[in-house]
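Below you'll find the structure, written out as structure tokens, and then a few comments.
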Amino acid sequence: MSITEIIELSKPYVKEHERDLPKIRQAYDFCESYLSQDELVLVLNQAEIAISLIGLGAKALMSIFLKPCFEKNAISQKELVSEYGEKVFDIITGLQRVEKIDTRRSKLQSENFIKLILSQADDVRVVLVLISAKLNQLRNIKALNDSDQLALCEELDSLYAPLAHRLGLYKIKTEMEEMSMKYLHNDIYKTIAQQLAEKKASRDEYIRKFIEPLKSLLESKGIPPFEIKGRPKSIHSIWNKLQKGKVTFEHIYDLFAIRIIIDSEQENEKRDCWNVYSIISDLYRPNPNRLRDWISSPKSSGYESLHTTVLGPENRWVEVQIRTRRMDEVAEKGHAAHWIYKDGESTSNSVHWLARIRDVLENPSDASFENDSNSRMELYTDEVFIFTPQGDLRKLPAESTLLDFAYDIHSNVGNTCTGGKVNDKIVTIKQVLKNGDRVEILTSKNQSPKQDWLSFVRTSKARQHIKKYLREAEGKMAEAGKETLARKFTQWNVKFSDENIRKLLKPLNYKEPFDLYMAVMDNKVDFSAVKSVFDEKLEDKKPIPIDFDDFNSKINRKITKESDGLLVIDEVSDNLDYKLARCCSPIKGDDIFGFVAASGGIKIHRLNCPNAFNMMETYPYRIIKARWGKSDANVDFTVGVRVVGNDEISIVNNITEFLSRDQLVKLRGINLNSKDGNFEGMLTLSIKDIDHLDKILEKLRQIKGVHSAERFDIARRSAM
């Protein structure tokens with residue numbers, strides 16, 4: 001078509017002829033200056049589709065002509081808006097935004113991709129212009145190479161044909177499905193087409209035999225003027241029926257259908273349709289299981305028709321559709337939005353939106369698409385669609401964060417999430433995601449859920465997993481606190497029982513044993529106060545530092561032998577049965593002593609071990625002298641380091657990066673807690689000696705954001 005023919009064709013759909021028709025011509029003349037002849041033919045063909053099959057108006061046509069020029073930088077945003085209006089610019093940029101969506105994996109998640117396209121297109125004309133462009137591509141498919149042909153057909157079959165269906169554009173939908181099937185499933189297409197062709201003559205003859213007696217009977221019963229016609233089924237629809245129904249070609253009920261259209265007054269529509277049904281059922285036996293009454297109860301989209309399947313001549317089943325002229329016009333134009341019924345969609349937003357689309361397509365002379373206030377889409381505003389790095393698409397509630405996305409992938413991914421990349425930019429776990437974002441999750445085995453995560457996650461899935469982890473963590477902490485308290489009771493020769501635990505609650509101001517056990521873990525319990533509950537006569541004896549000379553006065557033993565081994569214990573070096581005590585985790589360089597256990601083995605303790613005072617007071621005869629030998633053997637010692645600092649994203653990375661640079665240190669474990677803008681990190685390290693530890697502590701204190709770094713007793717902390 002020429003531009004003159006296009007403008008003439010568009011007149012019924014353009015509201016302001018004097019204003020808009022010259023603008024359409026102006027837009028075409030502008031693009032004619034910048035496009036090749038082949039490009040001009042393509043945009044004219046697309047414009048014809050947009051008008052004749054969709055009924056689009058002036059702004060949509062101008063956007064079709066101007067989009068290639070805008071992409072060639074032939075016209076600026078300012079010029080485009082000034083000359084053609086903000087809405088034309090919005091349509092063009094909306095098309096560009098949707099075209100950027102990677103649809104290569106749409107076949108696996110077509111529903112989510114359709115919703116993503118609709119959510120990205122703020123203006124309904126964006127979707128409709130896009131559909132016209134895709135159909136135009138399809139009609140020129142022979143210009144593409146084989147791989148591009150298949151890619152286009154897969155995209156049309158999984159995305160744009162269903163989308164056209166949802167918009168009521170059945171002619172476009174059918175053409176897309178038929179052509180795509182030719183390329184994607186050519187053998188099946190040819191087989192069905194051949195079967196249809198072979199049976200066409202016999203099918204036409206059968207339809208004549210079916211209709212003739214029915215027509216005579218309807219006329220004799222005084223039915224208002226009517227039309228009876230056959231309705232062929234598309235090859236793609238037949239294939240779907242064969243796949244889903246698991247039936248043979250010969251057993252498809254609606255391989256063809258008879259449609260009876262009555263010229264009925266609106267107030268008599270139901271009565272006339274049911275009268276026709278009654279007459280048909282008298283002539284041909286109906287199948288009661290295949291009666292569909294969409295007259296008494298129309299579909300949510302407004303579709304009305306009465307469907308029945310009857311046993312016709314030669315005992316063959318025939319589908320009969322009964323409707324009035326008004327019903328047929330709505331159905332034939334594709335405004336039934338059959339997808340809502342089939343897919344079970346019933347949200348008020350989608351129904352309202354489709355109803356608005358239907359009104360526009362039913363009344364092209366109103367040119368409702370030219371009313372900008374009615375053109376914006378508000379569909380799927382309660383959802384966002386996010387891409388994984390592999391191109392998979394996931395659906396989340398609006399305002400979902402990166403952490404919600406992590407939990408949507410897997411609970412372990414969520415539990416260990418430290419941040420991520422959104423469109424290749426590093427973001428925090430609190431980052432709110434937008435439609436079309438491509439998200440990569442970053443994790444660390446040292447990360448774990450925090451209480452404050454519950455304040456910003458959006459999905460119930462994330463909330464449930466966080467709460468579950470926190471409950472389990474609290475349970476483990478309480479159990480550890482209980483075990484710590486039980487050991488204390490054993491040291492005091494007090495029976496550990498529910499009754500004795502209950503005795504502690506009131507004096508210590510705790511409601512439940514669980515609260516007491518958690519307080520033990522938080523280092524909030526004064527054990528001298530606990531002990532005084534059971535024995536008020538005992539004085540509070542706090543551990544006091546014990547220096548090396550104290551041991552010389554308590555034991556009458558001397559080390560008489562130097563050693564090149566790791567330890568010198570009493571007069572023997574390295575060949576005694578000894579272990580480093582877990583309660584204080586001594587490392588080479590600490591002042592130490594030995595304690596002969598009841599089992600006969602020797603435990604090596606630090607002089608300032610929390611248990612040193614009790615051991616010296618209670619079992620002085622078991623204490624033996626010990627010190628480190630001269631050995632430089634490659635032995636690693638485990639030590640705990642407590643780091644306190646600002647709760648910032650980078651601080652943990654800075655700490656772990658520093659530790660990774662020290663080849664002599666190994667990070668065995670890390671436990672992080674944050675509260676009120678501060679964080680506390682409990683690190684478990686493998687190091688060489690006390691000098692090595694001092695250097696590590698000094699460098700940790702120099703990291704920006706770190707307030708303090710100090711050694712702590714691992715066993716004592718884990719027991720609390």
**Message:** Under a 3.5 Å threshold, yes or no: a donor from one side chain and an acceptor from the other, between Gln96 and Thr93?
**Reply:** no

**Flag, side chain of Asn136 to backbone of Leu42, donor-acceptor distance under 3.5 Å** = yes

**Item:** Steps toward side chain to side chain contact (heavy atoms under 4.5 Å, CB included) verdict (Ile280, Leu214)
**Value:** CA-CA 7 Å; Ile280 295 173; Leu214 178 58; 3.6 Å; yes

**Asked** So Asp157 and Ser180, side chain to side chain donor-acceptor pair (under 3.5 Å) or not? Walk me through it.
**Response** CA-CA 6 Å; Asp157 186 57; Ser180 297; 5.3 Å; no

**Request:** Measure the CG-CD1 distance between Leu56 and Ile49 for me, rounded to the nearest 0.5 Å.
**Result:** 11.0 Å

**Message:** Could you check whether Glu269 pairs with Arg326 (Lys NZ or Arg NE/NH1/NH2 to Asp/Glu carboxylate O, under 4.0 Å)?
**Reply:** yes

**Request:** With the side chain counted from C-beta on, respond yes when Phe30 and Cys69 share a heavy-atom pair under 4.5 Å apart, and no when they do not.
**Result:** yes

**Message:** Leu306 vs Arg323, test: side chain to side chain contact (heavy atoms under 4.5 Å, CB included). Steps then yes/no.
**Reply:** CA-CA 6 Å; Leu306 190 61; Arg323 60 180 63 157; over 6 Å; no

**Message:** Before you tell me yes or no, could you show the steps for Val439 and Thr388 under side chain to side chain contact (heavy atoms under 4.5 Å, CB included), namely the whole-Å CA-CA distance, both residues' side-chain angles and the distance that decides it to 0.1 Å?
**Reply:** CA-CA 6 Å; Val439 178; Thr388 68; over 6 Å; no

**Message:** What's the separation between atom CD in Gln46 and atom CG in Asn140, rounded to the nearest 0.5 Å?
**Reply:** 10.5 Å

**Prompt:** Within a strict 4.5 Å, meaning less than it, do heavy atoms of the Asp272 and Ile223 side chains meet?
**Reply:** no

**Message:** Tell me whether Glu177 is salt-bridged to Lys182, with the criterion being a basic N under 4.0 Å from an acidic carboxylate O.
**Reply:** no

**Item:** Separation between CD of Glu99 and CG of Leu130, rounded to the nearest 0.5 Å
**Value:** 6.5 Å

**Prompt:** Which heavy atom in Ser63 sits nearest to a heavy atom in Ile91, and how many Å separate them?
**Reply:** OG-CG2, 3.4 Å

**Prompt:** Would the number of heavy atoms belonging to other residues, nucleotides or ligands and lying under 6.0 Å from CG of Asp424 be above 12?
**Reply:** no

**Message:** Among residues at least two apart in sequence or on other chains, which ones pass ring pair (Phe, Tyr, Trp, His ring centres under 6.0 Å) with Tyr189?
**Reply:** none

**Request:** Inspect the contact between Glu175 and Arg139 and indicate whether a charged nitrogen and a carboxylate oxygen are less than 4.0 angstrom apart.
**Result:** yes

**Request:** Please check if the side chain of Glu154 supplies one atom and the backbone of Ala151 the other of a donor-acceptor pair under 3.5 Å.
**Result:** no

**Request:** Using salt bridge (charged side-chain N to carboxylate O under 4.0 Å, His left out) as the criterion, list what pairs up with Asp29, not counting sequence neighbours.
**Result:** Arg25

**Message:** If we check side-chain contact (heavy atoms from CB on, under 4.5 Å) with Thr174, which of these qualifies: Met176, Lys171, Glu178?
**Reply:** Glu178

**Request:** Hey, could you give me the CD/CD1 distance between Gln321 and Ile258, rounded to the nearest 0.5 Å?
**Result:** 9.5 Å

**Asked** Less than 4.5 Å apart, any side-chain heavy atom of Leu66 and any of Val88?
**Response** yes

**Message:** If we ignore hydrogens and angles and just use 3.5 Å, is the side chain of Asp404 paired with the main-chain N or O of Thr401 as donor and acceptor?
**Reply:** yes

**Request:** Ignoring hydrogens and angles, state whether a donor on the side chain of Arg458 or Ser400 is under 3.5 Å from an acceptor on the partner side chain.
**Result:** no

**Message:** Main chain of Arg438, side chain of Asn423: is a donor-acceptor contact present, judged purely on distance under 3.5 Å?
**Reply:** yes

**Prompt:** So, are Glu212 and Lys209 salt-bridged, with charged N and O less than 4.0 Å apart?
**Reply:** no

**Prompt:** Can you find a heavy atom in the side chain of Ile92 that is under 4.5 Å from one in the side chain of Tyr84?
**Reply:** no

**Contact check, side chains of Leu44 and Phe65, non-hydrogen atoms, under 4.5 Å** = yes

**Request:** With the side chain counted from C-beta on, respond yes when Leu21 and Ser10 share a heavy-atom pair under 4.5 Å apart, and no when they do not.
**Result:** yes

**Prompt:** Tyr206 and Gly312: which non-hydrogen atoms are nearest, and at how many Å?
**Reply:** OH-C, 3.3 Å

**Asked** Can you tell me how far OG of Ser158 sits from CG of Leu163, rounded to the nearest 0.5 angstrom?
**Response** 11.0 Å

**Request:** Write down the atom of Cys153, the atom of Tyr183, and the distance for their closest heavy-atom approach.
**Result:** SG-CB, 3.6 Å

**Message:** What's the separation between atom CD in Glu8 and atom CD1 in Ile6, rounded to the nearest 0.5 Å?
**Reply:** 11.0 Å

**Asked** Could you walk me through whether Ile322 and Phe226 pass the side chain to side chain contact (heavy atoms under 4.5 Å, CB included) check?
**Response** CA-CA 10 Å; Ile322 307 165; Phe226 62 88; over 6 Å; no

**Request:** Side-chain contact test, heavy atoms from C-beta onward, threshold under 4.5 Å: evaluate it for Ile131 versus Leu135 and give yes or no.
**Result:** no

**Message:** Go through it in stages, so that I can follow the logic: the residues are Arg325 and Glu227, the test is salt bridge (charged side-chain N to carboxylate O under 4.0 Å, His left out), and I'd like the CA-CA distance, side-chain angles, deciding distance and then a yes or no.
**Reply:** CA-CA 9 Å; Arg325 185 70 61 183; Glu227 176 188 0; 3.2 Å; yes

**Request:** Assess whether atom CD of Glu5 is packed by more than 12 heavy atoms of other residues, nucleotides or ligands within 6.0 Å.
**Result:** yes

**Asked** Is Asp408 paired with Arg394 through a side-chain N to carboxylate O contact shorter than 4.0 Å?
**Response** yes

**Item:** Considering all heavy atoms, the nearest Ile262-Pro224 contact
**Value:** CG2-CB, 4.1 Å

**Item:** Gln149 to Ile141 - nearest heavy-atom pair and separation
**Value:** NE2-O, 3.1 Å

**Request:** Classify the ring geometry between Trp239 and His236 as parallel (under 30°), tilted (30 to 60°) or perpendicular (over 60°).
**Result:** perpendicular

**Asked** Under a 4.0 Å N-O cut-off, is there an ion pair linking Glu39 with Lys72?
**Response** yes

**Request:** Identify the heavy atoms of Val81 and Phe89 that sit nearest to each other, and give their distance.
**Result:** CG2-CB, 3.8 Å

**Request:** Compare all side-chain heavy atoms of Pro389 with those of Glu440 and state whether any distance is below 4.5 angstrom.
**Result:** yes

**Asked** Asn145 and Ser147: side-chain donor and acceptor closer than 3.5 Å?
**Response** yes

